[in-house]
Number of protein chains: 2
Amino acid sequence: MRRTKEDAARTREEVLAAAAEIFYENGVSGSSLEKIAQRAGVTRGAIYWHFKDKAEVLTALHREIRLPQETIVDYAIAHGHDDPLGLIENATIEVLQILVNDEHQQRVFAIMILGCEFTEHLSDAAQRIVTANAEMFGKLQKLIEMADERSRLAPLWTADAAARAIQCSMNGLLAEWLRSGKSFPLVDVGERLVRSLIHSMRGETSN
Amino acid sequence: MRRTKEDAARTREEVLAAAAEIFYENGVSGSSLEKIAQRAGVTRGAIYWHFKDKAEVLTALHREIRLPQETIVDYAIAHGHDDPLGLIENATIEVLQILVNDEHQQRVFAIMILGCEFTEHLSDAAQRIVTANAEMFGKLQKLIEMADERSRLAPLWTADAAARAIQCSMNGLLAEWLRSGKSFPLVDVGERLVRSLIHSMRGETSN
DNA sequence: ATGTTTACAATCATTCATGTATGTTTGTAT
DNA sequence: ATACAAACATACATGAATGATTGTAAACAT
């Protein structure tokens with residue numbers, strides 16, 4: 001039996017890791033705490049000691065990762081604001097490259113996108129995704145507005161539509177990639193997609 | 001009490017309508033047949049008479065609508081194959097316009113994308129989406145390959161990447177639109193997005 | 001050395017959805 | 001008029017997941 005602080009923290013992590021697996025395999029609602037406990041090698045008692053209920057396990061799991069969206073915006077802010085559109089382009093590609101190498105993020109993200117129900121009265125975790133999405137959109141929009149002031153956006157685009165388009169494309173790209181079992185090269189397709197979009201927004205000639 | 005054939009078909013429809021509402025509000029797994037029955041003004045007995053179980057209600061609901069993807073491909077095939085890229089562009093826009101005016105399709109689609117868990121051992125309905133997605137991709141790819149043979153694709157693109165990009169963008173657009181509670185003009189953003197992508201694939205100058 | 005708290009395990013009661021079985025009413029064919 | 005089947009409603013039995021309670025061994029403070 002484990003008693004020390006470190007041991008406790010360890011079982012907590014083991015529970016979370018087990019939860020990620022079980023959620024990924026069966027979906028959130030299809031996973032019982034009993035199954036998670038078994039996978040983690042503990043009883044439900046342990047889980048209930050560390051977490052209030054299943055929802056709290058999910059949010060804890062969710063809190064561990066950074067949403068790609070947040071990462072993109074952070075990257076953009078960290079690297080200054082000259083050429084905002086180029087910044088978005090590079091940030092997006094870089095984030096995709098990082099994500100391809102992080103299996104745990106992929107799994108948690110898959111749980112959120114594919115294995116978790118976005119209902120009307122949203123769960124805590126689902127709510128956070130929605131909020132992060134909205135914030136991401138706002139910041140994207142501002143970046144693009146800055147670009148618009150420097151060098152005019154192509155007439156096809158408004159800052160609003162452009163931000164929306166980038167957000168939708170990237171989220172869709174990720175969702176499809178995960179749903180299809182990573183059946184296509186994420187970075188490759190993503191890179192072409194972003195380059196194409198940003199290029200179009202710049203109003204330059206193609207390619 | 002209802003006895004005639006038409007009456008029976010009617011309660012069947014009422015059950016499906018109620019199911020759409022309940023599923024939309026609570027997610028599929030969060031909805032009991034009891035709730036659906038109450039909303040429909042019947043008992044669970046009626047539901048079990050018409051359907052085997054909850055999964056069959058879901059697939060029945062699903063069978064009622066055409067996936068936007070299927071519609072796009074159908075449109076493209078129906079309108080011939082000269083200028084395949086332009087075909088894709090027009091078909092996509094038209095499908096979006098239709099979907100904006102069909103609340104029922106929207107709700108069922110929202111259930112599938114947001115309120116239904118895509119797990120490893122997929123449900124019947126989820127499986128159909130995956131299959132339709134794969135077929136859609138194959139047909140899209142062929143269309144684009146045809147375009148590639150006529151007039152070269154822009155060097156940035158391959159037929160594979162292009163098909164993937166369009167599919168991901170459109171699915172992402174729809175998902176975001178539904179998830180955000182239709183908070184932005186779907187057709188407007190979608191039109192810009194598709195035009196931009198197709199334009200880029202044609203290798204023409206922007207706009 | 002001892003009391004107390006931590007970190008769980010084990011047990012229990014309750015809820016809730018499901019599936020099934022059976023009852024009941026009404027059309028419909030003969 | 002009667003028999004049968006369709007179209008449900010009602011009642012029940014079951015199992016699974018949950019949350020709560022209680023038990024307990026080890027760590028830690030005193």
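In what follows, chains carry the letters A, B, and so on, assigned in the order in which the sequence lines appear, proteins first and then strands, with residues in each chain numbered from 1.
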For this session: Compare the minimum distances between each of D/dC28, D/dT18, C/dC8 and the side chain of A/A8, then state the nucleotide with the smallest one.
Result: C/dC8
For this session: Could you work out which one of C/dC8, D/dA7, C/dT18 sits closest to the side chain of B/Y48?
Result: C/dT18
Problem set entry | Closest-nucleotide ordering on DNA chain C, the 5'-leading residue of A/R12 and B/K52 | A/R12
Exercise. What are the two closest heavy atoms between B/Q106 and B/L99, and how far apart are they?
Worked result: NE2-O, 2.7 Å
Problem set entry | Length of the CG-C1' vector between A/N26 and D/dA17, whole Å | 14 Å
For this session: Name the residue closer to the 5' end of DNA chain D, choosing between B/W49 and A/R44 according to the nucleotide with the nearest heavy atom.
Result: B/W49
Problem set entry | Closest non-hydrogen atom pair between A/C168 and B/E176, with its separation | SG-CB, 3.5 Å
Problem set entry | Nearest-Å distance for atom pair CD/P, residues B/Q38 and D/dT10 | 12 Å
For this session: Could you check which of D/dA9, C/dA9, D/dA6 has an atom nearest any side-chain atom of A/V42?
Result: C/dA9
Exercise. Could you give the CZ-to-C1' distance, from A/F51 to D/dG19, as a whole number of Å?
Worked result: 17 Å
Problem set entry | Candidates D/dG19, D/dA9, C/dG19 - which lies nearest the side chain of A/D53 | D/dG19
Exercise. Across the strands shown, which category fits A/S32 at heavy-atom distances under 4.0 angstrom: base, sugar-phosphate, nothing?
Worked result: sugar-phosphate
Exercise. Just how far, in rounded Å, is P of C/dT26 from CD of B/E6?
Worked result: 17 Å
Problem set entry | Distance, rounded to the nearest Å, where A/I47 contributes CD1 and C/dA9 contributes P | 9 Å
Problem set entry | Nucleotide of D/dC8, C/dT18, C/dA10 approaching A/T43 most closely (side-chain heavy atoms) | C/dA10
Exercise. Are any of A/H50's side-chain N or O atoms less than 4.0 Å away from OP1 or OP2 of C/dC8?
Worked result: yes
Problem set entry | Phosphate-side-chain proximity, A/T4 and D/dA26, N/O vs OP1/OP2 below 4.0 Å | no
For this session: Send over the distance from B/E56 CD to C/dG19 C1', rounded to a whole Å.
Result: 14 Å
For this session: Ignoring hydrogens and angles, tell me if any N or O in the side chain of A/T59 forms a donor-acceptor pair with the backbone of A/D124 under 3.5 Å.
Result: no
Exercise. Does B/E25 pair with B/R39 as a salt bridge, N-O distance under 4.0 Å?
Worked result: yes
For this session: Using only side-chain N and O atoms of B/K5, determine if any of them is under 4.0 Å from OP1 or OP2 of D/dA6.
Result: no
For this session: In whole angstrom, give the distance that lies between atom CD of A/E14 and atom C1' of C/dA7.
Result: 14 Å
For this session: Grab the CD-C1' distance between B/E34 and C/dT15 for me, whole Å please.
Result: 14 Å
Exercise. Does the pair B/D83/B/R202 count as a salt bridge with the N-to-O cut at 4.0 Å?
Worked result: yes
